[in-house]
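Structure first, commentary second.
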Amino acid sequence: MPFYCLRCGECCSAMGEVHALERRPDGGLAVRNLYTGEVTHVTLDPDKADLLERPVIPGACPLLRHDAAGLAVCPVHETWPAVCAEYACWRLLALDGAGRRAARVMGRRHLALDDPRLEALLAPHRGRLGRIVDDAAWDEALAAVLEEAGYRVVR
Ligand code: SF4
Ligand code: SF4
């Protein structure tokens, strides 16, 4: 599945309800999944060792931090829990002229719109898109509408 990450941090921003950070007696770190009980021993990535000194983000996974540019960073990316490694945010992404996220397709055909102008743009095409059986053809048809309207489509 194609996957494109803008480092917005959204996927980790509510994980404070799921992940608890534990400091082990030997000084190591572990992430406990509060729903499954699974414990993952994690290690700070060598180039991100000082990130945990940055402010905690309320509600987010206790490990999530922002770097100096304001982008989301997982400081344990190399050893993160399986649930994080398996997550794939979207498989088709539309960016507006300023590079902002305008829309994304997740799963087979779940279309999430960030740019409110897209509701009106896509409305006349919904019927036609809904009749397309083949998923790849549906992707192409949607991308064509978006690109024609000036959006950049990443897929
Ligand atoms: S995976 Fe998606 S939601 Fe998570 S940081 Fe990347 S772009 Fe944002
Ligand atoms: S361990 Fe890293 S990737 Fe996983 S939820 Fe926390 S900050 Fe996000």
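Indexing begins at 1, ligand by ligand and atom by atom, following the structure's order.
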Heavy-atom pair with the smallest gap, counting every atom of [X] and [Y]:
| X | Y | result |
| --- | --- | --- |
| Val76 | Leu63 | CG2-CD1, 3.7 Å |
| Val39 | His41 | CG1-CD2, 3.9 Å |
| Ala72 | Gly9 | CB-CA, 3.4 Å |

Considering only heavy atoms of [X], which atoms of ligand 2 have at least one such atom less than 4.0 Å away?
| X | answer |
| --- | --- |
| Trp80 | 3 (S) |
| Cys74 | 1 (S), 2 (Fe), 3 (S), 7 (S) |
| Leu64 | 7 (S) |
| Pro81 | 1 (S) |
| Cys84 | 1 (S), 3 (S), 4 (Fe), 5 (S) |

Salt bridge or not for [X] and [Y], using N-O below 4.0 Å?
| X | Y | answer |
| --- | --- | --- |
| Arg54 | Asp67 | no |
| Arg100 | Asp114 | no |
| Asp135 | Arg109 | yes |
| Glu53 | Lys48 | no |
| Asp96 | Arg101 | no |

Exercise. For atom 6 (Fe) of ligand 2, what is the nearest protein heavy atom, given as residue, atom name and distance?
Worked result: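 Of every protein heavy atom, Cys61 SG, 2.3 Å lies nearest to atom 6 (Fe) of ligand 2.
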Exercise. What residue and atom, counting heavy atoms only, is the protein's closest point to atom 8 (Fe) of ligand 2, and at what distance?
Worked result: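 It is Cys12 SG, 2.4 Å.
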For this session: Could you walk me through whether Leu6 and Trp90 pass the side-chain contact (heavy atoms from CB on, under 4.5 Å) test, one step at a time?
Result: CA-CA 11 Å; Leu6 280 183; Trp90 52 68; 4.2 Å; yes
Under a 4.0 angstrom heavy-atom cut-off, which atoms of ligand 1 come close to [X]?
| X | value |
| --- | --- |
| Leu6 | 6 (Fe), 7 (S) |
| Trp90 | 2 (Fe), 7 (S) |
| Glu10 | 3 (S) |
| Gly9 | 5 (S), 8 (Fe) |

For this session: Give a yes or no on whether Cys11 keeps an N, O or S atom under 2.8 Å from atom 8 (Fe) of ligand 1.
Result: no
Exercise. Does the shortest distance from atom 4 (Fe) of ligand 2 to an N/O/S atom of His19 fall below 2.8 Å?
Worked result: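 Within the cut-off used here (under 2.8 Å), His19 places no N, O or S atom near atom 4 (Fe) of ligand 2.
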For this session: Could you tell me whether any N, O or S atom belonging to Cys5 is less than 2.8 Å from atom 2 (Fe) of ligand 1?
Result: no
